[in-house]
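What you see below is based on every heavy atom in this structure, not just the backbone, and it leaves out hydrogens, waters and symmetry mates. Counting convention: from 1, in listed order, for ligands and their atoms alike.
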Amino acid sequence: MNLDTPHAANPRRLTLIGAGLAGPLLATLLARDGWDVDLFERRGDPRVHGYAGGRSINLALAERGLNALRSAGVDDDVLKQAVMMRGRMVHAIAGEQRLQRYGKDDSEVIWSISRGDLNIVLLNAAEAAGVRLHFDRRLETVDFEQRVAHFVGEREDIAHDFHALIGCDGAGSHLRAAMQAVVDLGERIEMMPHSYKELEIPPGFDGEFQLEPNALHIWPRGDYMCIALPNDERTFTVTLFLPNEGNPSFATIRNGVEAQALYARDFADALPLIPKLVHDFDANPTGMLATLYLDRWHLDGRAVLIGDAAHAMVPFHGQGMNCAFEDCVALAAHLQRDRDTATAFAAFESERKPNARAIQQMALENYREMSDRVDDADFLLQRELERALAERHPERFVPRYAMVSFRRLPYATAFERGRIQRALLVDATAGRSSLDGLDWAAVDRMVDARLSPLPAEV
Ligand code: FAD
Ligand code: 8RB
């Protein structure tokens with residue numbers, strides 16, 4: 001056993017577990033605020049060995065995440081490698097494509113970025129800020145009484161004295177398990193009745209994108225769907241979401257050949273673009289989807305959880321990383337205001353837990369919208385009215401998608417206002433098949449009565 005530090009419980013010292021997405025961003029923010037930061041990661045350094053995981057996986061970055069990257073000064077480096085997505089390109093069963101814009105113009109877009117590239121930019125920033133990075137160090141057990149964390153290295157075990165631990169170690173958090181062993185965190189995991197499989201669309205013969213690059217593609221088919229996000233190397237990562245039971249489902253589509261038949265029937269325009277469909281389906285694991293709820297995120301001043309470790313969510317709003325990044329800014333601000341970790345962790349949990357709950361719920365709800373409602377007539381009429389009201393009342397009526405993706409008001413506020421707006425849209429379009437002859441003055445009065453102006457963001 002090797003004791004890696006002499007200074008046992010330096011109160012200005014913080015130990016972060018997990019150098020995925022939130023870990024290195026939070027480490028950077030804290031180091032710049034004058035904290036002494038150690039960051040432990042179970043995998044090797046991706047800058048040396050290449051990014052573990054192999055396949056090119058991309059994520060949608062929206063305003064909340066981008067703002068956090070801005071506060072760490074890495075937004076430009078990240079956007080350089082990003083592909084703009086202006087809206088959802090909906091692929092109907094017969095192959096026609098229609099773009100539904102996410103925002104009012106190109107100032108309201110989301111960005112597709114590679115997880116590996118993003119991770120490297122963040123690790124470089126953390127290192128430049130003075131963070132000590134420890135790769136190939138897997139957190140195994142924690143003695144919260146003595147404040148000692150035990151890591152398993154490649155050859156040796158390491159005991160690390162800590163003042164406080166911050167768990168950025170993802171949905172399967174080992175720190176969470178260690179905390180749960182000494183205090184009841186009230187953990188509850190709700191499985192989604194759907195799973196997913198990743199496939200790939202390579203560049204065409206001309207080396208170019210085979211679909212419109214500046215969009216998030218969706219093939220909505222009711223209870224199942226397929227999506228594709230662009231990568232800057234001109235490929236698309238395709239994700240097929242199917243229920244676990246029923247037909248079609250992962251119970252009936254059991255291998256690549258069966259998946260190919262499903263694509264021929266339901267995603268015919270995509271099939272010729274995925275040459276390795278059979279191989280990818282058989283080789284790639286089937287991923288499960290779940291929401292993780294905890295009553296408690298912290299253990300007095302000794303440990304706190306952030307990101308997926310505290311509140312993993314289903315992917316349908318593309319907000320897991322964005323929310324984790326927003327957590328980083330919030331926790332750094334609390335630790336700046338209050339250097340006593342017990343006070344800061346408690347304040348962080350009170351601020352963020354209601355917001356995490358709200359985005360978890362909205363992510364669940366967005367599954368229906370993406371897979372089923374995007375091509376439904378009532379939905380399209382409500383959407384038409386929503387866009388008109390957003391234009392007539394820009395300070396009061398902001399579509400929920402825009403509140404989540406392009407604004408930074410608390411998720412809980414977006415959820416609450418979204419509920420009011422939905423009811424208003426349903427009331428105003430009840431019994432109609434078009435907006436012709438709509439009593440706009442009456443609808444404007446409903447907006448004024450039900451929605452207060454949104455405070456401007458700083
Ligand atoms: P992670 O990024 O998972 O990082 C956890 C880190 O901890 C990892 O590096 C892991 O190796 C390390 N670790 C784990 N255990 C230990 C241990 N015992 N000791 C030391 N280190 C450990 N979100 C979006 O906002 N938009 C998207 O479009 C989007 N797309 C996604 C696509 C896919 C396929 C997946 C799986 C997720 C997607 N997400 C997306 C969600 C997003 O990836 C997560 O919400 C985000 O990565 C959470 O960040 P994190 O730092 O909490 O955890
Ligand atoms: N995790 C996304 C959206 C909203 C799109 C819209 C949806 C894949 C796993 Cl499913 C999904 C969105 O409403 O039009 N923005 O960004 C990202 C999404 O899935 C990602 C790629 C994903 N996340 C496990 C698989």
Enumerate the atoms of ligand 1 whose separation from the nearest heavy atom of [X] is less than 4.0 angstrom.
| X | answer |
| --- | --- |
| R138 | 18 (N), 19 (N) |
| I17 | 19 (N), 20 (C) |
| Q319 | 24 (C), 25 (O) |
| R137 | 19 (N), 20 (C) |

Side-chain ion pair, [X] and [Y], N-O less than 4.0 Å:
| X | Y | value |
| --- | --- | --- |
| R147 | D161 | no |
| R70 | E63 | yes |
| R188 | E190 | yes |
| D136 | R42 | no |
| R137 | E154 | no |
| E140 | R138 | yes |
| R88 | E369 | yes |
| E349 | R296 | no |

[atom] - nearest protein heavy atom and its distance:
| atom | value |
| --- | --- |
| atom 14 (C) of ligand 1 | D169 O, 3.3 Å |
| atom 5 (C) of ligand 1 | C168 O, 3.4 Å |
| atom 45 (O) of ligand 1 | D308 OD1, 2.8 Å |
| atom 29 (C) of ligand 1 | L59 CD2, 3.4 Å |
| atom 11 (O) of ligand 1 | E41 OE2, 2.6 Å |

Specify side chain, backbone, both or neither for [X], according to which of its non-hydrogen atoms lie closer than 4.0 Å to ligand 1.
| X | answer |
| --- | --- |
| H174 | side chain |
| L175 | neither |
| A22 | both |

Among [options], closest by any non-hydrogen atom to [atom]:
| atom | options | value |
| --- | --- | --- |
| atom 26 (N) of ligand 1 | G18, G172, A60 | A60 |
| atom 3 (O) of ligand 1 | G23, G307, G170 | G170 |
| atom 4 (O) of ligand 1 | A312, G20, G65, G318 | G20 |

Do [X] and [Y] pair up side chain to side chain, a donor and an acceptor below 3.5 Å, judged on atom types alone?
| X | Y | value |
| --- | --- | --- |
| N244 | S195 | yes |
| T15 | H160 | yes |
| N231 | N58 | yes |
| Y224 | D266 | yes |
| D269 | H91 | yes |

Please tell me whether F345 and H334 form a close aromatic pair, meaning their ring centres lie under 6.0 Å apart.
no
So, for H194 and F241, is the gap between ring centers shorter than 6.0 Å?
no
Within-shell test, [X] vs ligand 1, heavy atom, strictly < 4.0 Å:
| X | result |
| --- | --- |
| M313 | no |
| A19 | yes |
| R115 | yes |
| E198 | yes |

Just distances here: any N/O of [X] and N/O of ligand 1 closer than 3.5 Å?
| X | result |
| --- | --- |
| I57 | no |
| R42 | yes |
| L139 | yes |
| G320 | yes |
| M321 | yes |
| L21 | yes |

Apply salt bridge (charged side-chain N to carboxylate O under 4.0 Å, His left out) to D45 and list each qualifying residue two or more places apart in sequence or on a separate chain.
R47
Any protein N/O atoms within less than 3.5 Å of an N/O atom in ligand 2? List the atom names and distances, or say none.
residue	atom	partner	partner atom	Å
ligand 2	13 (O)	R88	NH2	2.7
ligand 2	13 (O)	N366	ND2	2.9
ligand 2	14 (O)	R88	NE	2.6
ligand 2	14 (O)	R88	NH2	3.2
ligand 2	14 (O)	Y102	OH	2.8

Side chain to side chain donor-acceptor pair (under 3.5 Å) pairs, two or more places apart, involving residues 377-391:
Q382-R422
Residues 311-325, side-chain donor-acceptor partners within the protein, below 3.5 Å, at least two apart:
residue	atom	partner	partner atom	Å
H311	ND1	G307	O	3.3
H311	NE2	G307	O	3.4
H311	NE2	D327	OD2	2.6
Q319	OE1	Y411	OH	2.6
N322	OD1	A62	N	2.9
N322	OD1	G65	N	3.1
N322	ND2	A60	O	3.1
N322	ND2	G318	O	3.0

